[in-house]
*Asks:* 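Got a structure for you, questions after.
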Amino acid sequence: MSSEIRVRFAPSPTGRLHVGNARTAVFNYLFARARGGRLVLRVEDTDRVRSRAEYETEQADDLRWLGVTWDEGPDRGGDYGPYRQSERLELYQEHVARLTEAGLTFRCYCTDEELEADRRQLLASRLPPRYVGRCRHLTEAERRAREAEGRGGAVRFRVEDQDLAFIDLIRADKKFPAGSVGDFVLLRADGTPTYTLAAVVDDALMEISHVIRGEDHLSNTARQLMLYAAWGYDPPRFAHHSLLVGPDRQKLSKRHGGTSVREFRDRGVLPEAFINYLCFLGGGLGGGEFFEPNDLVEAWDLSRTGKAAAVFDESKLEWFNREHLRALTPPELTRRLRPWWERAHLLDGTTIVEGDRSGTELFTPTDDIGIRRILSDEDLTLVSGAISPMIHTLNEGVDLAEPFFVAPKGVALPGAARPAIESLGDQLNGVPNLTPAAAKSMMVEIGRRTGLKGRALFHPVRLALTGRDRGPELDVIVSVLGPTECRRRLAAVTFEG
Ligand code: GLU
């Protein structure tokens with residue numbers, strides 16, 4: 001085995017990328033990066049019925065989104081390919097043939113019903129379920145008789161009765177006493193390889209130095225070690241990290257909320273917040289909570305990752321997201337929000353309001369249905385800066401930004417608000433444009449003239465301009481809308497009483 005650090009992430013393309021698997025991917029990625037090693041992406045698609053090309057594409061896309069990059073994989077090749085198990089079937093067959101020649105396998109003709117009945121019986125006697133060995137010692141004649149019945153035979157590995165032990169990098173010594181593992185299947189009756197077989201062949205041939213994966217695979221390690229020994233391969237080092245659970249400490253499931261990376265991505269979670277949270281979970285980060293992606297390589301350490309289950313808590317993820325959102329500069333936040341605004345058609349700009357900032361009225365006031373104002377990059381930056389402290393996820397930035405693009409309709413205010421609205425309209429008359437600071441001074445001046453203060457002044461103005469009770473700073477709203485658009489919105493208000 002080479003002394004190079006080589007790790008792998010080996011997803012099965014049978015669904016969306018689960019947050020638990022994403023965490024495994026991140027751990028492998030950081031482990032490789034911190035040690036100058038290589039990360040291999042291997043697609044475990046031997047389950048022909050459940051594997052789909054779309055899932056493979058989507059999972060890879062979600063990994064890239066998260067910032068996980070790999071050095072070898074189906075999309076980019078490498079010296080150890082192919083990297084899809086469905087393209088490596090001959091290698092698995094050859095490896096099984098070698099075991100068969102050495103007398104280490106046997107054909108098993110047990111039906112699913114028989115195996116299920118065995119399992120129930122063992123459980124009823126409070127014994128761990130394992131293969132009972134029914135076909136282990138069949139004579140040639142018995143074998144032929146079963147084949148004549150049309151039973152296809154699976155190929156099982158003949159497990160030797162001996163203790164097994166290995167050192168796990170997270171869990172220290174692990175022991176599997178003799179008898180705890182039954183003869184296991186290598187090839188199913190239809191000739192397809194099992195996960196156990198394919199994973200060992202690939203990890204050995206791809207010269208994987210460290211297998212970092214969830215603790216649900218701990219019991220597979222015993223079987224896998226038997227196979228390494230049978231073929232004379234050096235086993236890799238193993239590290240089994242804890243699994244994610246929900247706040248109720250039960251296995252993370254739909255019941256708890258989102259379970260796939262895509263769901264959080266679609267809700268407007270930032271990739272840097274998500275990867276930060278995945279590393280934080282389980283205690284792998286030293287010296288604080290908040291880290292930018294580039295600093296995670298230094299800050300995260302496999303040996304710090306605890307053995308105890310890590311609680312995946314969406315409110316904590318939201319906290320990380322908020323912190324990362326606030327750390328973005330307004331132009332960068334604009335870049336992140338742009339696709340959200342695009343999807344909501346806020347950037348469609350059905351009408352270009354020329355002269356908007358010059359105070360010239362170029363508007364056809366009647367049919368403003370569907371009108372989207374076009375904002376300059378400078379104004380978009382102001383919008384992002386104003387909504388940045390208010391959002392927890394990017395999607396919240398759609399609703400908050402909407403009034404900058406679309407005028408409210410049918411705003412009706414009490415008569416008492418009339419002086420504030422009219423005074424602002426007068427002040428804006430003939431003004432070419434306004435910075436947020438100038439807008440602020442203007443509001444102070446209106447307060448002085450009308451004698452209105454605080455909420456009595458700001459609330460009607462906010463309602464008139466945005467149709468909302470709450471939102472970003474009023475000075476930014478007035479500045480970005482510009483005098484003409486503000487006057488148009490103020491003029492559209494009706495008064496009750
Ligand atoms: N395809 C397996 C899974 O997704 C990989 C397990 C392993 O890392 O060995 O669980």
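When reading the values below, keep in mind they use all heavy atoms of this one structure, side chains included, and skip hydrogens, waters and symmetry mates. As the structure lists them, so they are numbered: ligands from 1, and atoms in each ligand from 1.
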*Asks:* Need the ligand 1 atom indices (1-based, order shown) with element for anything under 4.0 Å from a heavy-atom of R8.
*Replies:*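 Contacts of ligand 1 toward R8, numbered from 1: 7 (C), 8 (O), 9 (O).
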
*Asks:* If you define the side chain from C-beta out and look only at heavy atoms, does anything of E58 sit under 4.5 Å from L17?
*Replies:*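 Not in contact.
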
*Asks:* What atoms of ligand 1 come closer than 4.0 angstrom to any heavy atom of H217?
*Replies:*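 This gives 3 (C), 6 (C), 10 (O) as the contact atoms.
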
*Asks:* Among protein heavy atoms, which lies nearest atom 7 (C) of ligand 1, and at what distance?
*Replies:*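 Nearest neighbour among protein heavy atoms for atom 7 (C) of ligand 1, to 0.1 Å: Y195 OH, 3.3 Å.
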
*Asks:* For the aromatic rings, using the six-membered ring if either is Trp, is the centroid distance between F291 and F280 under 6.0 Å?
*Replies:*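 No: the rings miss the under 6.0 Å criterion.
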
*Asks:* Could a heavy atom of F9 be found less than 4.0 Å from some atom of ligand 1?
*Replies:*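 Per 4.0 Å heavy-atom rule, F9 does not contact ligand 1.
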
*Asks:* Fit a plane to each ring of F176 and F166, take the angle between them on a 0 to 90° scale, and name the class: parallel (under 30°), tilted (30 to 60°) or perpendicular (over 60°).
*Replies:*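 Taking F166 first and then F176, their aromatic rings lie parallel (interplane angle under 30°).
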
*Asks:* For W65 and F274, take the angle between the two ring planes, folded into 0 to 90°, and tell me which bin it lands in: parallel under 30, tilted 30 to 60, perpendicular over 60.
*Replies:*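 Answer is tilted, since the angle falls between 30° and 60°.
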
*Asks:* Looking only at side chains, do N220 and H217 share a donor and an acceptor under 3.5 Å apart?
*Replies:*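 Distance-only check passes for N220 and H217.
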
*Asks:* Provide, to 0.1 Å, the distance between atom 4 (O) of ligand 1 and the closest protein heavy atom, together with that atom's residue and name.
*Replies:*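 The closest one turns out to be A10 O, 3.6 Å.
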
*Asks:* Scan side-chain atoms only and decide if S260 and E263 contain a donor-acceptor pair under the 3.5 Å cut-off.
*Replies:*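 Yes.
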
*Asks:* Is the shortest distance from a heavy atom of S12 to ligand 1 less than 4.0 Å?
*Replies:*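 Flag set, S12 near ligand 1.
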
*Asks:* Can you check whether R213 has an N/O within less than 3.5 Å of an N/O in ligand 1?
*Replies:*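 Such a contact does occur with ligand 1.
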
*Asks:* In the protein, what heavy atom is nearest to atom 1 (N) of ligand 1, and what distance, to one decimal place, separates them?
*Replies:*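 Here the closest protein heavy atom is E44 OE1, 2.6 Å.
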
